[in-house]
Amino acid sequence: DGSAWPIEDEARREDATSSATMADIPPESPPPGTTDNDLPIEISLTDNEHSTGAAPDSGDSVRASPEAGNDGLAQGLEALSRTGSVTMASADVPDADAGDEDDEMSRGLEALSRTGSVTLASTSPVPPKSDPAPAAARTSSSGAPKRPPPPADRTAADDITHPSVSVRAGTFNINGKPPRTEDGRLVDLSEWVGPDEDADICVYGFQELDDDTQTLMLNLASAKVADWVGAIDAWLPGGKYKKLATHQMVGIVIVVYIKVSLGNRVTNVLCSSVATGMMGFGNKGGVAIRFDLDRTGFCFINSHFAAHQGAVDKRNSDFRDILQGLKFWEDAPDKTDSVHVLQHERVVWMGDLNYRVDCEREKILSLIETQAYAGLLEMDQLVLQRREGKTFKGFDEAAISFAPTYKFDPGTDTYDTSPKARLPAWCDRVLFLSVDGFGVAAVEYTSHPSIKFSDHKPVTATLKIALCGDEDSMRRRPSKLQPIYRDPRPTSVGDAARGAVQSARAMGGSLLESFKSMGSFG
């Protein structure tokens, strides 16, 4: 699996992440998760003028007796030794002044410290050991050990103290629907687009925007894109944002808006796309827009992975192919200079990733009814594949606290009642990657069930993203990049599509009908 990854770029990123993380850990820090109360009390006697008697043999473990000196000191040492947390290297105990008789153990430790003959690694009392959790709490119903919860966002918004921007990233599989109702009214997207003005950058990704066969076969630009982008324009606060770029591959579309006040700080806007559908068609794959905001490289990706319950490996493969294939090229004839996804400080990846839940339908519906999402996520394919390191390696996802977003009877909140009865799943996701490991924090992660016209519910993530200074930038800067709004690379998708069309014409259109009957374009 590792051979499929861009080893050099990822190794550099992981090394940078490790160094940035380890730099914050003091050399003498205890193991992660350890508190002062977990540490044993270590006492070492030193051979100096305050010591009495001969040096002890190595490894001697001695309990003090009352005859050795002060009763309070002896009793304190004896109490300490009974905890099992103290190893005494000598039976000789120096004299000590009497102290408060209410706490003989504390007085004994204090007296020892004053003699200069001891080093106290910790003076925190050792708490009593708690009873282990019942076996039922540590095992699943099948008797196997319970898995840890899915990975969560490692950074809290309050932890980001650098200058930062707020990003609203939204993904929506619109199931080929238009942005207007039958009576011509614009569909209400305000909840998804976000009527507030807090976000500095707004990114929206559509899937299945245009499922027309001709658009698919010829990879044509679609007039439907303008309709949907116009719908977003209508719901954004007027005059606050400008459209930075739009990029389309068949029905997969991404559009980026930025606050007008930040516009003069944005450079090097580039687009790219990778098709992963059958025969290289662009009904599945990813589209991306990248840019620099000051010295921070941003990369936003919208993707649509392979469908069907059992296609987990193909979805993992789609991720790898998109990650490797997305390159942002300098507008030069020889195409010798490019920027890779992992050369950006901040990456946000969203879309209909199509990962499903492996569970019986009745149980899924029951867990949804009780909002027991944590248990259901233990059967989520993306959670499990990430846990095994098979996809989205290094990415984070905020905790999910909303119901599965697929598949609904359009116009309702009822999960699929068709004869296929597809299982509910969290197909629609937003993940993020920070090259330094702590530059992105999720503020909100939610779905919008009030928007009902599709068989998916839209999802948004609000992220707080730190900006990098010159010393923090960890990416090789591309040279002479020019802002463009389309992928300048000649792709093989168009050639493959034209060849398929020619074959279809020669076969009297039977190829197209065969594809339609197979559901290849869904």
Peer 1: Give the intermediate values and the outcome of side-chain hydrogen bond (donor to acceptor under 3.5 Å, both in side chains) for residues N175 and Q207.
Peer 2: CA-CA 7 Å; N175 194 26; Q207 307 86 41; over 6 Å; no
Peer 1: Keeping the roles fixed (side chain from H340, backbone from L323), state whether a donor-acceptor pair exists under 3.5 Å.
Peer 2: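 Yes; at least one donor-acceptor contact below 3.5 Å.
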Peer 1: With Y204, which residues qualify under ring-ring contact (aromatic ring centres under 6.0 Å, His included), at least two apart?
Peer 2: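 So Y204 forms a ring-ring contact (aromatic ring centres under 6.0 Å, His included) with W192.
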Peer 1: If I take atom CE from residue M379 and atom CD1 from residue I364, how far apart are they, to the nearest 0.5 angstrom?
Peer 2: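 Interatomic distance, M379 CE to I364 CD1, rounded to 0.5 Å: 7.0 Å.
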Peer 1: To the nearest 0.5 Å, tell me how far I289 CD1 sits from N302 CG.
Peer 2: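 So the CD1 of I289 and the CG of N302 are separated by 9.5 Å.
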Peer 1: Hey, what do you get for CG (D416) to CZ (R361), rounding to the nearest 0.5 Å?
Peer 2: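 Answer for the CG-CZ pair, D416 versus R361, is 6.0 Å.
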Peer 1: Before giving the answer on salt bridge (Lys or Arg N to Asp or Glu O under 4.0 Å), spell out for R387 and E378 the whole-Å C-alpha distance, their side-chain angles and the decisive distance to 0.1 Å.
Peer 2: CA-CA 10 Å; R387 186 175 290 159; E378 284 298 312; 3.3 Å; yes
Peer 1: Please report the C-alpha distance between L236 and K240 in whole Å, then the side-chain angles of each, then the deciding distance to 0.1 Å, and finally whether the side-chain contact (heavy atoms from CB on, under 4.5 Å) criterion is met.
Peer 2: CA-CA 8 Å; L236 280 173; K240 299 294 183 181; over 6 Å; no
Peer 1: Calculate, to the nearest 0.5 Å, the distance between atoms CD and NE2 belonging to E191 and H448 respectively.
Peer 2: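 Here the interatomic distance stands at 5.5 Å.
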Peer 1: For D352 and R429: C-alpha separation, side-chain torsions, deciding distance, then whether salt bridge (Lys or Arg N to Asp or Glu O under 4.0 Å) applies.
Peer 2: CA-CA 7 Å; D352 179 0; R429 313 287 273 265; over 6 Å; no
Peer 1: Contact between D396 and V440 at the side-chain level, heavy atoms closer than 4.5 Å - yes or no?
Peer 2: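 Counting from C-beta outward, D396 and V440 never come under 4.5 Å.
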Peer 1: Using side-chain heavy atoms (C-beta onward) and a distance below 4.5 Å, is M350 in contact with I301?
Peer 2: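 No, every pair of side-chain atoms sits at 4.5 Å or beyond.
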Peer 1: Say whether, by atom type as modelled, one donor and one acceptor occur between the side chain of R356 and the main chain of N354 under 3.5 angstrom.
Peer 2: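 Present.
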Peer 1: Go through the structure and list residues passing side chain to side chain donor-acceptor pair (under 3.5 Å) with W349, not counting sequence neighbours.
Peer 2: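 W349 satisfies side chain to side chain donor-acceptor pair (under 3.5 Å) with S303 only.
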Peer 1: Side chain to side chain donor-acceptor pair (under 3.5 Å) with S261: which residues, sequence neighbours excluded?
Peer 2: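 Side chain to side chain donor-acceptor pair (under 3.5 Å) list for S261, sorted by chain: empty.
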Peer 1: Hey, is the main chain of P404 close enough, under 3.5 Å, to the side chain of Y415 for a donor-acceptor pair?
Peer 2: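 Yes, Y415 side chain to P404 backbone: donor-acceptor pair under 3.5 Å.
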Peer 1: Got R315 and L353 here, is their nearest side-chain heavy-atom distance under 4.5 Å?
Peer 2: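 Contact flag for R315/L353 side chains = no.
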Peer 1: Is there a side-chain contact between L431 and F392, using heavy atoms and a 4.5 Å cut-off?
Peer 2: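 Sidechains of F392 and L431: in contact.
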Peer 1: Side chains of V430 and T171: does their closest heavy-atom pair fall under 4.5 Å?
Peer 2: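 Side chain of V430 against side chain of T171, heavy atoms only: contact under 4.5 Å found.
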Peer 1: Show, in sequence, the C-alpha distance, side-chain angles and deciding distance for K407 and D409, and conclude whether the salt bridge (Lys or Arg N to Asp or Glu O under 4.0 Å) test is met.
Peer 2: CA-CA 7 Å; K407 172 179 173 81; D409 294 338; over 6 Å; no
Peer 1: Sequence neighbours excluded, which residues qualify as ring-ring contact (aromatic ring centres under 6.0 Å, His included) partners of Y406?
Peer 2: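 Partners of Y406 by the ring-ring contact (aromatic ring centres under 6.0 Å, His included) criterion, ordered by chain and then number, come out as H456.
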Peer 1: Using modelled atom types only, decide if a donor and an acceptor are shared between the side chain of Q248 and the backbone of V250 within a distance under 3.5 Å.
Peer 2: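 Yes, the answer is positive, given that a donor and an acceptor are paired below the 3.5 Å cut-off.
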Peer 1: Walk me through it: do D380 and Y373 pass the test side-chain hydrogen bond (donor to acceptor under 3.5 Å, both in side chains)?
Peer 2: CA-CA 10 Å; D380 176 80; Y373 303 137; over 6 Å; no
Peer 1: For a quick test of reading the model, state the closest non-hydrogen atom pair linking G282 to A275 and the distance between them.
Peer 2: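 Of all heavy-atom pairs spanning G282 and A275, the closest is CA-CB, 3.8 Å.
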Peer 1: Please report the closest heavy-atom contact between I252 and H304, naming both atoms and the distance.
Peer 2: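 That would be CD1-CB, 3.8 Å.
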Peer 1: Shortest non-hydrogen contact from H162 to A466?
Peer 2: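 Residues H162 and A466, closest heavy atoms: CB-CB, 4.1 Å.
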Peer 1: Would you say the side-chain atoms of R168 pair up with the backbone N or O of V193, donor to acceptor, closer than 3.5 Å?
Peer 2: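 It does hold such a pair.
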Peer 1: Side chain to side chain donor-acceptor pair (under 3.5 Å) with D358: which residues, sequence neighbours excluded?
Peer 2: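 Counting only residues at least two positions away or on another chain, D358 forms a side chain to side chain donor-acceptor pair (under 3.5 Å) with Q309, Q381.
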Peer 1: Could you tell me whether R180 and D227 have a side-chain N and a carboxylate O separated by less than 4.0 Å?
Peer 2: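 Judged by the 4.0 Å cut-off on N to carboxylate O distance, R180 and D227 do not form a salt bridge.
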Peer 1: K314: what forms a side chain to side chain donor-acceptor pair (under 3.5 Å) with it, not counting sequence neighbours?
Peer 2: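 Only D318 meet the side chain to side chain donor-acceptor pair (under 3.5 Å) criterion with K314.
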Peer 1: Let me see the working for T391 and Y355 under side-chain contact (heavy atoms from CB on, under 4.5 Å), right down to the final yes or no.
Peer 2: CA-CA 11 Å; T391 193; Y355 287 94; 3.4 Å; yes
Peer 1: Looking only at non-hydrogen atoms, find the nearest pair between S164 and K464 and report the distance.
Peer 2: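 Where S164 meets K464 most closely, the heavy atoms are OG-CE, 3.3 Å.
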Peer 1: Would you check, one step at a time, whether the test side-chain contact (heavy atoms from CB on, under 4.5 Å) holds for K457 with D428?
Peer 2: CA-CA 8 Å; K457 302 298 185 186; D428 311 281; over 6 Å; no
Peer 1: Mind checking whether W426 and L377 have side chains closer than 4.5 Å, heavy atoms only?
Peer 2: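 Yes, close enough: below the 4.5 Å cut-off.
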Peer 1: According to the interplanar angle, ranging from 0 to 90°, do the rings of F172 and F453 count as parallel (below 30°), tilted (30 to 60°) or perpendicular (above 60°)?
Peer 2: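 Tilted, since the angle between the ring planes falls between 30° and 60°.
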Peer 1: Where does the angle between the aromatic ring planes of F298 and F300 fall among parallel (under 30°), tilted (30 to 60°) and perpendicular (over 60°)?
Peer 2: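 Ring orientation of F298 relative to F300: parallel.
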Peer 1: If you round to the nearest 0.5 Å, how far is OG1 of T276 from CG of N283?
Peer 2: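 It comes to 8.0 Å.
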Peer 1: Kindly indicate, with the supporting measurements, whether the criterion side-chain hydrogen bond (donor to acceptor under 3.5 Å, both in side chains) is fulfilled by T296 and D294.
Peer 2: CA-CA 6 Å; T296 305; D294 297 334; over 6 Å; no
Peer 1: Got a donor-acceptor contact below 3.5 angstrom from the S272 side chain to the K327 backbone?
Peer 2: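 Such a contact is found between S272 side chain and K327 backbone.
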Peer 1: Show the nearest heavy-atom pair for residues L293 and V165, with the distance to one decimal.
Peer 2: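 That closest heavy-atom pairing would be CD2-CG1, 3.8 Å.
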Peer 1: Begin with the C-alpha distance, continue with both residues' side-chain angles, and end with the deciding distance and a verdict on salt bridge (Lys or Arg N to Asp or Glu O under 4.0 Å) for D313 and K390.
Peer 2: CA-CA 9 Å; D313 290 342; K390 294 182 178 179; 5.8 Å; no
Peer 1: Can L342 and L433 be said to form a side-chain contact (heavy atoms from CB on, under 4.5 Å), step by step?
Peer 2: CA-CA 9 Å; L342 297 180; L433 173 70; 3.7 Å; yes
Peer 1: So L244 and V269, do their side chains get closer than 4.5 Å, heavy atoms only?
Peer 2: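 Yes - at least one pair of side-chain heavy atoms lies under 4.5 Å apart.
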Peer 1: Once rounded to the nearest 0.5 Å, what's the spacing between atom OG of S166 and atom CD of E444?
Peer 2: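 If we round to the nearest 0.5 Å, S166:OG and E444:CD are 10.0 Å apart.
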Peer 1: State whether the side chain of R290 and the backbone N or O of V339 hold a donor-acceptor pair below 3.5 Å, judged by distance alone.
Peer 2: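 No: the side chain of R290 does not pair with the backbone of V339.
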Peer 1: Closest approach of C202 and Y241, non-hydrogen atoms and distance?
Peer 2: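 Taking every non-hydrogen atom into account, SG-CE2, 3.9 Å.
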Peer 1: If we only count heavy atoms from C-beta on, is the T181 to V187 side-chain gap below 4.5 Å?
Peer 2: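 Yes, close enough: below the 4.5 Å cut-off.
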Peer 1: For the side-chain contact (heavy atoms from CB on, under 4.5 Å) test, which of I232, V287, I254 pairs with F206?
Peer 2: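 Checked I232, V287, I254 against F206; only one passes side-chain contact (heavy atoms from CB on, under 4.5 Å): I232.
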Peer 1: Below 6.0 angstrom between ring centroids: does that apply to F432 and F395?
Peer 2: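 When the ring centroids of F432 and F395 are compared, they turn out to be at least 6.0 Å apart.
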